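Data first, discussion second: the structure below is written as structure tokens.
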Amino acid sequence: MSKITNKQLVEAIRADYNARRDARMSLEAQWQLNINFMMGNQYSYIARNNTVREDEKQYFWQEKEVFNHIAPMIETRISKICSNTPTVTVIPATTDEADIESAKLSKEILNSVSNRLNLIDIEKTATTWSEICGTAFYKVVWNTNSGKMVATDDNGNSIREGDVEIEVISPFEIFPDNLSSERIEDVKSLIHARAVDIDQVKSEWGVDVDVEEVHAFTLDSSFKGLGGLGYDAHINKVANTSLSHHCVVIERYERPTKAYPNGRLTIIAGDKLLFDGELPYVNDELNQRTFPFVKQISNYLPGSFFGVSVIDRMIPVQRAYNAVRNRKHEYFNRAVMNVLAVEDGSVDTDALEIEGLSPGKVLVYRQGSKVPEIMQNPEMTVDFDAEEDRLLSEFKTVSGVSDMMTDSYAQYTSMSGVALELLAEQDISRLSTAIDSTKLAVKIVAKYILRLYKQFAVIPRLLKINGDNNSIQMYYWDQNEISSDDVVFDTSTDTIDSLGQRRTMLLDLIKQGLMYDQDGKFSQSTRKKCLDLLGFGMWENSLDLPTLHINRAKEENLYPINKDLEILPIDDHQIHIDEHTAYILGGDIKKKINSKKIIDKLLQHIEEHKKLLNASIKIQDNKGE
């Protein structure tokens, strides 16, 4: 590609970016206004040129305080949404044992990535952006500079195995080609524009880029238009600032076309072309290349790519509430400080304005003039209190946050458990749109993670898996071990959220007799599983004999040919018989190379246990007689 063509390409992408930025200026202004109201700068407004400005005090005595109800309600929504996102699991591609084991491995890989990247905090960050601005994005990429070092190049630089990285992207950085497309799948191209230090550009792409004027949002607390009579208040606000030593890196992603069967990714900075090639990630459902972005919204807006935040409809209520509270305080000021009516020339008004009417003050007025008098304020009507209560109720109506979510004291003690459960379900249903969008985003992110490993995990990797009784298993895997990316939600986490709920449900199952075996007994293995489900697996420690027998039987199942299966006099024969039988009937044994020999040896071992078990039973029966 010639130099002139590169220049034309850079100019075309720059012009495309500017056009998309101008087309959504009104949306950015609304997002900036939402952030300001969330932080407390609630006397701001959007001007005609789509810039956010602040109102100043009109009078020195004017009460202009902020009584922020938006922030606690948004924080409540974020907490509720994040607490209702279940964990994910992977369904095998087929019923074949190899696919079943692959699905188990895929789930462990997702758990490992979740722990390494702290996906809980990433999810909270994305949910915060979506609740404030209406939309947030996850960017799931492969970082070749991450992971363990596997070698060094000729220059002594380390070569790493690479790993998945997830970044939360604010809506300020995403520019679709069509603002009317409701899904990422519907847009033909997407631009991700971000501010990057020019030294980082040099390090990543090896290109020197000139410094350009880059605008970003920052916190500022210099706004003084708040307060009341005799004092000023300071609040934080979002202000536009310029970043030094930065440039704007523009990444334009284009879907596959006839001209570009694998799509196209073009990256520019300033007037330089950094990269021009195909889309890097095979992360589509049909093993095709697509965008590495996942969208999460708060509420759908039909015919719009970006979602809408509840703050949009809470702003008028917040303004009205601030006005009511401030007018009440102005009335209290007049009632306490009074308003004095004096005849012109009867008193020294300059001294009166400075000193006021202090207790015991001697007020001297001109002889023959009218005596100064205090003007009586009209009585405050109940309309102020009624309006304040109505606005507080309207906050909960428009925000989807109920009393049960916000109140921290027990006011439902007279209600039955069923009624409380119904109220809890209603609270969740009011946030269903945001919760469902978060769930879908988490599921797609999990799929992208597995597909990136399927594409790039060429070198065998070591995975630590927590086994039973706090044991740790070491597992080596690569891209060939991942055969399924069918990610679904673990339904058990949807209905069983707490230890108390698990305990109640399990106790109900025991009362119904569903946990007993055919002989009506509560077996040791069932007991162990129940304790594990209740979170008390730690009780099954080294001092628990049934657990030790189970572990010994499992060890014999692993290598039955390589060692003699010795039966000890202290063995619990019934536990050994059950564990060996379950292993033979299970699917893990089928993938063994010499499975026939293993089964024969285990069957012989089971027969020996049965003989010893029958002999011990006869001895006990004889003693009983």
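Keep in mind it's a predicted model, so treat the numbers as computed, not measured.
Side-chain polar atoms of Ser437 and Gln296 form no donor-acceptor pair below 3.5 angstrom. A donor and an acceptor atom, one from each side chain of Asp478 and Tyr453, are nowhere located under 3.5 Å apart.
A heavy-atom distance below 4.5 Å is not found between the side chains of Glu75 and Thr128. Side-chain contact between Ser309 and Asn299 is absent, with no heavy atoms from C-beta onward closer than 4.5 Å. Two residues are said to be in side-chain contact when any heavy atoms from C-beta on lie closer than 4.5 Å; Trp142 and Val164 meet this criterion. You'll find the side chain of Lys295 reaches within 4.5 Å of the side chain of Phe305, heavy atoms only. Two residues are said to be in side-chain contact when any heavy atoms from C-beta on lie closer than 4.5 Å; Leu602 and Glu607 fail this criterion. Taking the side chain as every heavy atom from C-beta outward, Asp571 and Leu612 never approach each other to under 4.5 Å. The shortest side-chain heavy-atom distance between Val442 and Val88 falls under the 4.5 Å cut-off. The closest side-chain heavy-atom distance from Arg255 to Thr290 is below 4.5 Å.
No more than 12 heavy atoms of other residues, nucleotides or ligands shown are found within 6.0 angstrom of CD1 on Ile120. With a 6.0 Å radius and a threshold of 12 heavy atoms from other residues, nucleotides or ligands, Leu568 has its CG atom above the threshold.
Between Trp129 and Phe137, a ring centre-to-centre spacing not shorter than 6.0 Å is recorded. Centroid-to-centroid, the aromatic rings of Phe293 and Tyr253 come within less than 6.0 Å.
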*Please test Arg194 against Glu173 for salt bridge (Lys or Arg N to Asp or Glu O under 4.0 Å), starting from the C-alpha separation and ending with a verdict.*
CA-CA 6 Å; Arg194 54 196 174 97; Glu173 299 182 1; over 6 Å; no
*Assess whether side chain to side chain contact (heavy atoms under 4.5 Å, CB included) is satisfied between Phe291 and Val187, documenting all intermediate values.*
CA-CA 10 Å; Phe291 306 153; Val187 301; 3.8 Å; yes
_Set out, in order, the CA-CA distance, both residues' side-chain angles and the distance that settles salt bridge (Lys or Arg N to Asp or Glu O under 4.0 Å) for Arg252 and Glu254, then state yes or no._
CA-CA 7 Å; Arg252 187 171 73 177; Glu254 301 178 41; 3.2 Å; yes
*Do Glu165 and Lys139 pass the salt bridge (Lys or Arg N to Asp or Glu O under 4.0 Å) test, and can you show the C-alpha distance, the side-chain angles, and the key distance before you say yes or no?*
CA-CA 8 Å; Glu165 296 291 343; Lys139 188 177 183 181; over 6 Å; no
*When you look at Lys104 and Glu108, which way does the salt bridge (Lys or Arg N to Asp or Glu O under 4.0 Å) test go after all the steps?*
CA-CA 6 Å; Lys104 294 179 181 178; Glu108 294 297 336; over 6 Å; no
_side chain to side chain contact (heavy atoms under 4.5 Å, CB included) evaluation trace for Ile606 with Lys601_ = CA-CA 9 Å; Ile606 291 174; Lys601 189 163 186 179; over 6 Å; no
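One finds no salt bridge joining Lys597 and Asp600 here, because no Lys/Arg side-chain nitrogen approaches an Asp/Glu carboxylate oxygen to under 4.0 Å. Under 4.0 Å is where a charged nitrogen must lie from a carboxylate oxygen, and between Arg264 and Glu278 no such pair does.
Atom-to-atom distance recorded for Ser298:OG and Glu131:CD is 3.5 Å, nearest 0.5 angstrom.
Looking only at distances, a side-chain donor or acceptor of Ser130 sits under 3.5 Å from a matching main-chain atom of Thr127.
With a 6.0 Å cutoff to the six-membered ring centre and a 45° limit on the axis angle, Lys443 does not count as a cation-pi contact of Tyr448.
Taking the six-membered ring where tryptophan is involved, the planes of His609 and His580 are tilted, since the angle between them lies from 30° to 60°.
Checked against Val113 for a side chain to side chain contact (heavy atoms under 4.5 Å, CB included), the options Leu450, Leu452, Ile449 give a single hit: Ile449.
Here Glu285 pairs with Lys447, Arg451 under the side-chain contact (heavy atoms from CB on, under 4.5 Å) rule; sequence neighbours left out.
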